[in-house]
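Here is the structure we will look at.
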Amino acid sequence: METLLAYRPLWIVLVTPIAAALIVASDRRPNLRESWTILASVVQALLVASMLPAVLAGEDFELTLLPLASGFDLVLRVDPLGMTFALVASILWVVTSVYSIGYMRALDEKHQTGYYASFAVCIFATMGLAFSANPLTFLVFYEVLTIATYPLVAHKRTPEAVRAGRKYLAYTLSAGLAMLLAVGWIQTLIPAPSFRPGGFLDTSIAPPATLVVLFVLLMLGVGVKAGVMPLHAWLPTAMIAPTPVSALLHAVAVVKAGVFGVLRVTGFVFGADTMREIGVHLPLATIAAFTIVVSSVIALSQDNLKRRLAYSTVSQLSYIVLGAALLSAAGLTASVIHIANHAFMKITLFFVAGAVYAHLHVEKVSEMKGIGRAMPWTMGAFTVGAVGIAGIPPLPGFVSKWWLGIGALQAEGIVFLLVLVVSALLNVLYLFPIAWQAFFGKSERFTRYDEARLALAVPPVLTAAASIVLGIAPAIGPRFWDLAQRVTASVLGGGS
C-alpha cells in the first residue's frame, strides 16, 4: 500500500490520458463520454488533495517518469509550488467539467468528443508541468499543453477559429523554441539540472552575460503563455473558442502554466541573489507594471465581454510576475497565493460570460442592462468575481494585492505600489459598471426571472462562494496560504 501511495504523482498524471482514450472510445454514447470526464476529474482531484498533508509536513514525492539517458530523465516531484498549481487545476477541472456539459448541451455544439478528449490531455500536461522536477520535464509537458490546446481554440472550425488557432500556435511554438534553446544550453552547463529552491544557476557556473541571455530566453518561453506584453496578442484572439475553453485558458491551465513557469524560473532556476547580481529583476518588474496598467486601459474599451475579461487576465497575471520580480518575501507570497485567488475569481467571470451567451445569446457589455433581473444568481456570482478582481475586501483579490503592496514596500519600489493603486481603480472602472447595469439598468428585454439551467448556473455560484472563503479564511480549505508561505521560506531561504 505504501508503494502505491508513493506513486500518486504518476497516477495523477496518467488519469487524464486514460480518460481521453475512454472518451474517444465512447464517441457514440454521450452520457458515458461525459461520465468519464466527471469521474476522471473527481479521481484526480482526490489524489492531488491526498498528498497535501504530506507536502505541508515537508515531504517531497519524487519518481522517475521516463529514464531517457544520463542527465536527461523525465522526473516528477511534488513540492509546495507544484502542489499549489495542481490543486487549483484539479479542483477547477471538476467544476469546469460540469459546466462544460451544460454549455455544450445548451448550444448543441459539434465535435464534442474531440473537445472533451483534448480538455483531458490539457489537464494531463498541466499536472506534468506542476510536478516537473527539472527543466527538461517542464519543457516536454509545456509543449504537450501547447499542442493539446490548439484543437480547443480552433474548436468551431470556422475560418476565424482556425486563424485564432494558428496565431496561438505561432506564438506558443515560438516560445517553446526559445525555451528549448535555453534548456539545451543549461544542460551543457550543468549535467542533470534540477529545480532547486533559491536557484541552481549563478556566476560561478556561467558569466553574467550568459546568464542574462538564458534568463531572457526562458522568460520569452514562459512569458507568451503568461500574457506579458508585448507577447499577449494571441490571448484576446483565442476568445473565439467556447467559453469553457476560455475558462481553461485563463484560470486553470494555459496562462497559469505561464506564470507558474515564471515562478519556477525566478525562484528555482536563478534565485533572488543571482537575479540581483545580473540585474534582471527590475526590467522584469517594469515590464510587468507596464502590462498591468496598459492592459487594464485597453479593457475599458472592449464591448465584447470575453475580450474585456481577456485583457483583465493579461493585467492580473502580471501581478504574479511583478511579485516574483520584486524579490521580497511578501511579494513572492502574493504571487503564489494569487495563482489560486485569481483562478477562482476569473473562472467565475468566464462562467458567467458563457452562461449569459448560452442561455440568452448575449455577449456584449452594452447588451447586459437589466440582465440581473433575469439571471440574478449568475450575475450575483459575477458581482462577487468583479469585487474580488478589483481587490476589495473581504474577497481574495484584496489579500493578494495587500501582500503585493507590502512586497513593493519591502523592495523599496514605491512606483510599483502606485501601479497597484492605479490598476485597482481601472479594475473598478471596467468591471463594476457591468454589475451595476445588470441589476439597476433599465431594459425592456429582461423583465422576468429566467435563470440558466443548473449545469450553467451552479458552477459560477460555487466558485464565487469559494472565492469568498479564500478571502475571509485563506488558511483553511486547500490551504493555499500555507503552501505560499512554504514556497517563500524555501526560495528566499535557499533551501527547503
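Values below: every heavy atom of this structure, side chains too, minus hydrogens, waters and symmetry copies.
- Below 30°, between 30° and 60°, or above 60°: for W402 and F398 the angle between ring planes is between 30° and 60°, a tilted geometry.
- Proximity of a side-chain donor or acceptor of R8 to a complementary backbone N or O of L47 within less than 3.5 Å is not detected.
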Practice task
Evaluate ring pair (Phe, Tyr, Trp, His ring centres under 6.0 Å) for F124 paired with F141, printing each intermediate quantity in order.
Solution key: CA-CA 8 Å; F124 156 73; F141 283 107; 5.5 Å; yes

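- The backbone N or O of I101 sits nowhere less than 3.5 Å from a side-chain atom of E34 that would complete a donor-acceptor pair.
- For H342 (side chain) and L317 (main-chain N/O), no donor-acceptor pair under 3.5 Å exists by modelled atom type.
- In this structure, a donor-acceptor pair under 3.5 Å is present between the side chains of T488 and T333.
- No donor-acceptor pair closer than 3.5 Å links the side chain of T291 to the backbone N or O of V228.
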Handout entry: Working for side-chain contact (heavy atoms from CB on, under 4.5 Å), residues R308 and V365
Key = CA-CA 9 Å; R308 183 173 296 198; V365 173; 4.0 Å; yes

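- Y99 meets the side chain to side chain donor-acceptor pair (under 3.5 Å) test with no other residue; sequence neighbours excluded.
- Of the N and O atoms on the side chains of S132 and T137, not one donor lies less than 3.5 Å from an acceptor on the other residue.
- Here OG1 of T149 is found 3.5 Å from OH of Y168. Values are rounded to the nearest 0.5 Å.
- Side-chain N/O atoms of W234 and T172 include no donor and acceptor closer than 3.5 Å.
- Going from atom CZ of R163 over to atom CD of E160 covers 6.0 Å, rounded to the nearest 0.5 Å.
- For the atom pair OG1 of T348 and CZ of F382, the computed distance is 10.5 Å after rounding to the nearest 0.5 Å.
- Sorted by first then second residue, the ring-ring contact (aromatic ring centres under 6.0 Å, His included) pairs that include residues 451-482, not counting sequence neighbours, are W403-W481.
- Without hydrogens or angle criteria, Y142 side chain to G221 main chain gives a donor-acceptor distance under 3.5 Å.
- Counting heavy atoms from C-beta outward, I389 and L395 have side chains that stay 4.5 Å or more apart.
- Residues A299 and Y430 approach most closely at CB-CD2, 3.8 Å, considering heavy atoms.
- Looking at E363, its side chain never comes within 3.5 Å of a backbone N or O of K306 through a donor-acceptor pair.
- A donor atom on one side chain and an acceptor atom on the other are found under 3.5 Å apart for T146 and K225.
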Practice task
Please test F61 against V55 for side-chain contact (heavy atoms from CB on, under 4.5 Å), starting from the C-alpha separation and ending with a verdict.
Solution key: CA-CA 8 Å; F61 297 81; V55 172; 4.2 Å; yes

Problem - R264 vs D79, salt bridge (charged side-chain N to carboxylate O under 4.0 Å, His left out): CA-CA, chis, key distance, verdict - result: CA-CA 11 Å; R264 276 293 187 217; D79 64 3; 2.9 Å; yes

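- In this structure, the side chain of D303 engages the main chain of S366 through a donor-acceptor pair within 3.5 Å.
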Exercise for the section: Show the numbers, then the answer: is there a side-chain contact (heavy atoms from CB on, under 4.5 Å) between L420 and L404? Expected result: CA-CA 8 Å; L420 295 175; L404 191 54; 3.5 Å; yes

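- Here the OG1-NZ distance, from T313 to K346, works out to 3.0 Å after rounding to the nearest 0.5 Å.
- No donor-acceptor pair closer than 3.5 Å links the side chain of S90 to the backbone N or O of A45.
- Distance alone, capped at 3.5 Å, is enough to place a donor-acceptor pair between the S301 side chain and the I298 backbone.
- Considering NE2 of H361 and NE2 of H359, their distance stands at 9.0 Å, rounded to 0.5 Å.
- By the neighbour-count criterion of 12 heavy atoms within 6.0 Å, atom CZ of R445 is densely surrounded, having more than that number from other residues, nucleotides or ligands.
- Panel note: side chain T447, backbone S443; no donor-acceptor pair is recorded below 3.5 Å.
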Problem - Evaluation steps, side-chain contact (heavy atoms from CB on, under 4.5 Å), between Y319 and S423 - result: CA-CA 10 Å; Y319 288 154; S423 172; 2.3 Å; yes

